[in-house]
Amino acid sequence: MIPEKIAPETAMMGFGYFPEWSEGAVKCPMFQTSTFVFPSAEAGKSYFEKALGRPGHENEPMGLIYSRINNPGIEILENRLRLWDEAEAAAVFSSGMSAISTTLLAFLRPGDVLLYSNPLYGGTHKFVHQILPAFGVEVIGFRPHMERDEIIDMLQASGHAARLRMVYVETPANPTNDLIDIRMAADIARQFSTAEKQVLTVVDNTYMGPIWQHPLQLGADIVLYSATKYLGGHSDLIAGSAAGNTSLMTAVKRMRTVMGTNSDPHTAWLLLRSLETLRLRMNAAEANARVIADWLVQHPEVIKVIYLGHLDESHGDQYSIFKRQCKGNGAMISFIIKGGEKGAFRFLNHLHHIKLAVSLGGTESLAEHPGTMTHADVPDEEKLALGIVPGLVRLSVGVERVEDLIADLEQALEVVNSEWSMVKEEKR
Ligand SMILES: *Cc1c(COP(=O)(O)O)cnc(C)c1O
C-alpha cells in the first residue's frame with residue numbers, strides 16, 4: 001500500500017531543499033551570512049513592505065533580508081519542524097526560553113490575565129512570576145489534579161476573568177510527571193473567548209514532543225519547545241521553537257525580529273541534522289526507559305518510581321488523561337531513593353556512564369537532583385506539596401545499551417546503603 005503522504009521522518013531528509021540550489025549538494029549547506037543581496041531596489045522595497053505587514057503583499061513569499069529576520073537554513077528548518085506537529089507554520093529561536101518569552105510577549109498586554117499550570121520549568125516560572133507582573137500582567141496558577149470547575153472558580157474569584165488572554169500549560173510536569181489535561185485547558189480558553197478576543201492555549205511540549213504528544217491536535221493554539229532537548233538531541237546546542245497557525249506565527253515572528261531572539265545559521269544547520277534521527281532517537285530512549293523503570297521498581301533502595309508507563313486504573317484521572325493525550329511513555333523517570341538528600345547525593349556521586357547534569361532529551365543519559373538543582377528556587381513547602389522530596393532523583397534516559405545503564409545504576413545504588421561508603425564519607 002502506498003501511503004497518502006510521507007511521514008515526517010522521511011520528509012526530514014530533504015523537505016524544502018533542492019540540491020540544484022547549491023551545486024547539487026545532497027545536504028542543505030549552512031548559509032553563514034548576516035545579510036542578503038537584493039536583486040533590485042524595487043525588490044528590496046517590496047521585501048520590506050511584506051516584512052512590515054503592509055497590505056497588498058499577503059500572498060507573496062517573504063524575501064530574504066537579514067538573518068535576524070530570516071535565513072534560508074532557518075526557513076527550511078521551520079518548514080520541517082511544522083510537519084511533526086502538523087502545524088501551518090513554525091518559528092525557531094535562540095533558546096527554549098526565548099521561544100517562551102517572545103511568544104508570551106507577542107500576545108500579553110498590561111491588564112491581561114495569564115492562567116498557567118504548576119509546576120513550571122524554572123526559567124518560565126521566573127518569567128511568569130517576576131517579569132510579566134512588572135509589565136502589568138496578572139498571573140494565576142493552578143495545580144495538577146485540580147478539576148476544571150475549581151480552576152474556573154479560582155479565575156472568577158480573581159475578579160478579572162474577563163481579561164483572561166492565555167492559558168499556558170506544561171505537561172507532563174517536571175520533575176513529577178504529573179499530567180495536565182490539554183483538552184480541558186483549551187476548553188477553558190474557549191469558554192472565555194469572545195468575538196473580539198481569542199484566549200490562546202499555549203503548551204510547552206518539551207518533555208513529550210513532537211513524537212509522544214501533539215497539543216495542536218488536542219485543541220492548543222501554539223506548541224512550544226526547548227529544541228535544546230529532544231529536537232537537538234545531542235546536548236550540543238541551545239535553541240527553541242514555536243508552531244501554530246500562520247497568523248499566530250506571523251505575530252510571534254514580528255516580535256522575534258524586534259527582540260532579536262531568532263536562532264543562527266549554524267544552530268539551524270545542526271538542528272536540520274538532528275531532525276533526521278528524531279524518531280529513531282526518541283524510540284530508542286523510550287524503549288530503554290521502559291526497561292530501566294521496570295528494573296528500578298524492584299530495587300530495595302528505591303522507594304518509589306514515577307514513570308508514565310506505570311500509570312494504570314489505580315491512578316484515576318491521571319491514567320485517563322494519559323490514555324487520551326499521550327502516544328508514548330516518554331523517557332523521563334523520577335525516583336525516590338532511600339536516605340533522603342544524602343542517599344540521593346551518594347547515588348549521583350557514584351554514577352559512571354550516566355552523567356550528573358541538568359538538561360534532558362540527549363543521546364546520553366543524565367541524572368540530577370531536582371530539589372537542589374533544577375528546582376532549587378521553589379520554596380520548601382511548595383516543593384513538598386508538588387512531591388519534590390529530598391530523595392528524588394530525575395533521570396533522562398538516553399540511547400546507550402540498556403544493560404550498561406542498568407549496571408551503572410545497580411553499582412551506584414549498591415553504594416547508597418553500603419556501610420563502608422557511609423563510614424568513609426563521615427570521616428571526610
Ligand atoms: C529546558 C527547558 C526549557 C528552556 O529551554 P532552554 O533551551 O534551556 O532555554 C523550557 N521548558 C522546558 C520544559 C525545558 O525542559
Side-chain angles (χ1 to χ4, degrees), residues 77 81 85 90-105 114 116-132 141 144 168-180 182 185 202-213 215 220 222-243 252 256 259-264 266-268 270-271 274 282 285 306 308 326 330-334 357-362 364-370 373-378 386 388 394-398:
L77 171 63
L81 276 172
D85 281 297
V92 296
F93 294 88
S94 54
S95 69
M97 277 318 300
S98 61
I100 293 165
S101 54
T102 306
T103 300
L104 267 56
L105 289 176
L114 170 75
Y116 69 94
S117 68
N118 267 312
L120 287 177
Y121 175 75
T124 314
H125 185 87
K126 270 216 181 83
F127 185 72
V128 164
H129 281 263
Q130 291 171 20
I131 313 292
L132 288 179
Y168 184 94
V169 170
E170 197 180 308
T171 179
N174 172 15
T176 54
N177 278 350
D178 281 314
L179 300 175
I180 309 279
I182 295 170
V202 177
V203 177
D204 179 338
N205 200 34
T206 300
Y207 249 54
M208 293 292 273
I211 301 290
W212 304 314
Q213 184 168 269
I222 297 178
V223 58
L224 299 174
Y225 292 99
S226 166
T228 311
K229 314 297 166 55
Y230 289 104
L231 293 173
H234 296 72
S235 302
D236 56 5
L237 61 85
I238 299 275
S241 80
V252 168
R256 180 183 71 178
M259 291 181 64
T261 48
N262 204 341
S263 185
D264 62 274
H266 181 233
T267 304
L270 285 170
L271 276 166
S274 290
M282 290 180 79
I306 306 162
L308 292 179
C326 304
M332 295 298 296
I333 303 170
S334 290
V358 298
S359 197
L360 59 105
E364 74 292 305
S365 298
L366 299 176
E368 64 112 5
H369 185 251
M373 296 167 191
T374 47
H375 296 70
D377 233 14
V378 180
L386 293 168
I388 306 171
R394 188 187 78 178
L395 186 63
S396 168
V397 179

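Values below: every heavy atom of this structure, side chains too, minus hydrogens, waters and symmetry copies. For ligands, and for the atoms within them, numbers begin at 1 and follow the listed sequence.
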Quick check: H129 with Y116 (ring centres under 6.0 Å apart)?
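Aromatic pair counts; centres sit under 6.0 Å.
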
Kindly give the heavy-atom pair with the smallest separation between [X] and [Y], and that separation in Å.
X	Y	answer
P175	P370	CG-CB, 3.7 Å
T228	L237	CG2-O, 3.1 Å
A268	S263	N-OG, 4.2 Å

Under 4.0 Å to a heavy atom of [X] - the qualifying atoms of ligand 1, by number:
X	value
S226	1 (C), 2 (C), 3 (C), 4 (C), 5 (O), 6 (P), 7 (O)
S95	7 (O), 9 (O)
A239	7 (O)
G96	5 (O), 6 (P), 7 (O), 9 (O)

Is the closest side-chain heavy-atom distance between [X] and [Y] below 4.5 Å?
X	Y	value
T374	E368	yes
L360	L366	no
L179	P144	no

Identity of the nearest option to [atom], non-hydrogen atoms only, from [options]:
atom	options	answer
atom 7 (O) of ligand 1	T228, I238, L237	T228
atom 2 (C) of ligand 1	K229, E170, M97	K229
atom 13 (C) of ligand 1	L231, T374, D204	D204

Any N or O of T124 closer than 3.5 Å to N or O of ligand 1
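N/O-N/O distance below 3.5 Å does not exist for this pair.
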
For atom 8 (O) of ligand 1, what's the nearest protein heavy atom and its distance?
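Ranked first by proximity to atom 8 (O) of ligand 1 is Y121 OH, 3.8 Å.
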
From V203, V128, I222, L120, residue fulfilling side-chain contact (heavy atoms from CB on, under 4.5 Å) relative to Y168
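Per the side-chain contact (heavy atoms from CB on, under 4.5 Å) rule, the option paired with Y168 is L120, out of V203, V128, I222, L120.
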
Is there a heavy atom in S98 that sits closer than 4.0 Å to ligand 1?
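So S98 does not count as touching ligand 1.
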
Is the closest heavy-atom distance from I100 to ligand 1 below 4.0 Å?
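Judged by the 4.0 Å heavy-atom criterion, I100 does count as contacting ligand 1.
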
